[in-house]
Amino acid sequence: MNLHQLNKPSVYLVILAITSFCFGAAMVYIVRATEDSLHYDAGIINGTGMIRGSVQRIAKLVLFDVSADVSGEIETIDKMLVKFSTLDKKVFYNTPHDDYFARIHELDRAWEAMKSRIDDYLRSPMDKQQRALMDASEVAWHASIAAVLAAQVASEEKVSRIKYLFNLFLVSAVLSAVFTLLVLSIYLRRKLEHESSHDPLTNLLNRRAYTDLAEYEVKRSSRYDTEFALILLDIDHFKRINDTFGHKMGDEVLIKLARILSSTVRKTDSVFRIGGEEFVVLCPHTNAEGAYRLADMLRRTVENAAIIPAGKLTISLGVAQLSEDMTEAKLLSNADKALYQAKDQGRNQTRVFMEEKATKN
């Protein structure tokens with residue numbers, strides 16, 4: 001697993017956090033807009049209710065006291081009906097139910113008819129005009145009741161809608177929490193797996209990962225009778241680098257060497273840091289000759305790279321090939337013997353372990 005794979009859960013968490021924030025902000029806006037709308041609706045319901053009461057009161061005043069001045073109340077109802085019948089239907093979340101507008105228009109027509117009957121009765125307070133006014137007031141009163149009920153229905157629908165949205169928000173919040181915990185658990189598990197199998201400095205696989213994979217490759221090669229080789233290498237005079245340039249430079253050398261090894265080996269090979277300046281390359285389906293070529297290419301690449309401020313960095317390498325009934329420990333021991341020979345013969349060399357003796361290939 002590389003760092004890019006390891007960081008994927010972090011990317012998911014950021015996306016989830018942004019999405020949750022946007023969703024939460026939208027929900028807050030909708031709740032606030034609906035709250036304002038309910039206050040708005042309450043004003044409509046109360047205003048329509050006032051019209052209902054005023055219709056009866058005006059009719060009684062006119063019928064029982066011809067001299068009563070009802071012009072003020074008539075003007076108030078006129079203004080309220082103009083306001084309620086011209087509400088902006090495009091206002092987000094403040095739009096009353098379509099049935100409400102139909103009822104307001106019916107109330108407006110009934111009110112205009114009632115005003116006409118009031119004028120007729122005031123000009124000629126006869127029984128015929130009285131009955132006509134009473135009938136008109138009754139129609140206007142029922143129309144106002146219908147308008148009040150329509151306004152209440154519209155408001156109740158908004159309440160139901162906000163309840164649905166609130167429940168949706170709760171479900172989404174629970175699902176988001178579950179998903180977040182799932183992503184976190186995956187991230188932590190991968191992080192722990194990565195830390196337990198990788199060297200923290202170079203991000204190469206560590207000795208524990210080497211042991212597991214080497215044993216697996218040895219068993220697989222033995223079962224399927226395939227070739228398998230191992231390269232063991234370390235840095236020449238690494239202590240001198242630390243003493244001359246400091247341990248920080250020593251760490252930089254290890255990091256740069258790890259990058260060179262990782263970018264130079266084949267995709268089927270695996271690179272490990274198993275000790276301070278010791279590295280291993282596992283080469284499946286490869287014999288000693290092929291591993292030698294790869295090892296010497298690594299040696300030349302490191303020698304030609306500008307890794308330390310002054311001079312050249314060199315490495316020594318030992319190569320060993322798996323033979324019948326050989327264990328992982330024996331294979332590594334053979335590579336170590338070849339590496340020792342490369343060191344003993346002057347360093348910056350590649351040697352291959354031979355059963356009889358280690359010789360330069």
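Predicted model only: the values in this text are computed from it and were never measured. Atoms considered below: every heavy atom in the structure, side chains included; atoms not considered: hydrogens, waters and symmetry mates.
Using modelled atom types, one side-chain atom of Arg273 and one backbone atom of Gly275 make a donor-acceptor pair closer than 3.5 Å. Ser263 places a side-chain N or O within 3.5 Å of a backbone atom of Ile260 that can act as its donor or acceptor partner.
Counting only N and O atoms by type, the side chains of Arg259 and Ser262 include no donor and acceptor under 3.5 Å apart.
With respect to the salt-bridge test (charged N to carboxylate O, under 4.0 angstrom), the residues Arg299 and Glu303 qualify. Ion pairing of Glu193 with Arg190 is absent here, as no side-chain N (NZ or NE/NH1/NH2) approaches a carboxylate O to less than 4.0 Å. At a threshold of 4.0 Å, the pair Glu75-Lys79 counts as salt-bridged, since one of the basic side-chain nitrogens sits closer than that to a carboxylate oxygen. Between Asp296 and Arg300 there is a salt bridge, with a side-chain nitrogen of the basic residue lying less than 4.0 Å from a carboxylate oxygen of the acidic one. In summary, Glu106 and Arg103 engage in a salt bridge, as defined by a charged side-chain N under 4.0 Å from a carboxylate O. We find that Lys343 and Asp236 are joined by a salt bridge, their nearest charged nitrogen and carboxylate oxygen being less than 4.0 Å apart.
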Check: Going through the distances and angles, do Val265 and Leu298 end up as a side chain to side chain contact (heavy atoms under 4.5 Å, CB included)?
Finding: CA-CA 8 Å; Val265 300; Leu298 291 173; 4.2 Å; yes
Next item on the list: List the steps, then state whether side chain to side chain contact (heavy atoms under 4.5 Å, CB included) holds for His198 with Leu204.
Entry: CA-CA 5 Å; His198 285 71; Leu204 292 179; over 6 Å; no
Item checked: Steps toward side chain to side chain contact (heavy atoms under 4.5 Å, CB included) verdict (Ile186, Leu182) -> CA-CA 6 Å; Ile186 293 173; Leu182 178 62; 4.1 Å; yes
Next item on the list: Check the pair Leu294, Cys283 against side chain to side chain contact (heavy atoms under 4.5 Å, CB included), reporting the backbone distance first and the verdict last.
Entry: CA-CA 9 Å; Leu294 173 61; Cys283 308; 3.9 Å; yes
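For the pair Tyr210/Leu230, a side-chain contact is recorded, criterion being any heavy-atom separation below 4.5 Å from C-beta on.
The side chain to side chain contact (heavy atoms under 4.5 Å, CB included) test with Leu282 is passed by exactly one of Val271, Leu331, Leu213, Thr268: Leu213.
Val139 and Val70 fall into different hydrophobic clusters, where Ile, Leu, Val, Met, Phe, Trp and Tyr are joined by side-chain heavy atoms under 4.5 Å apart, directly or via other members.
Classification of the Phe101-His105 ring pair by plane angle, with boundaries at 30° and 60°, yields tilted.
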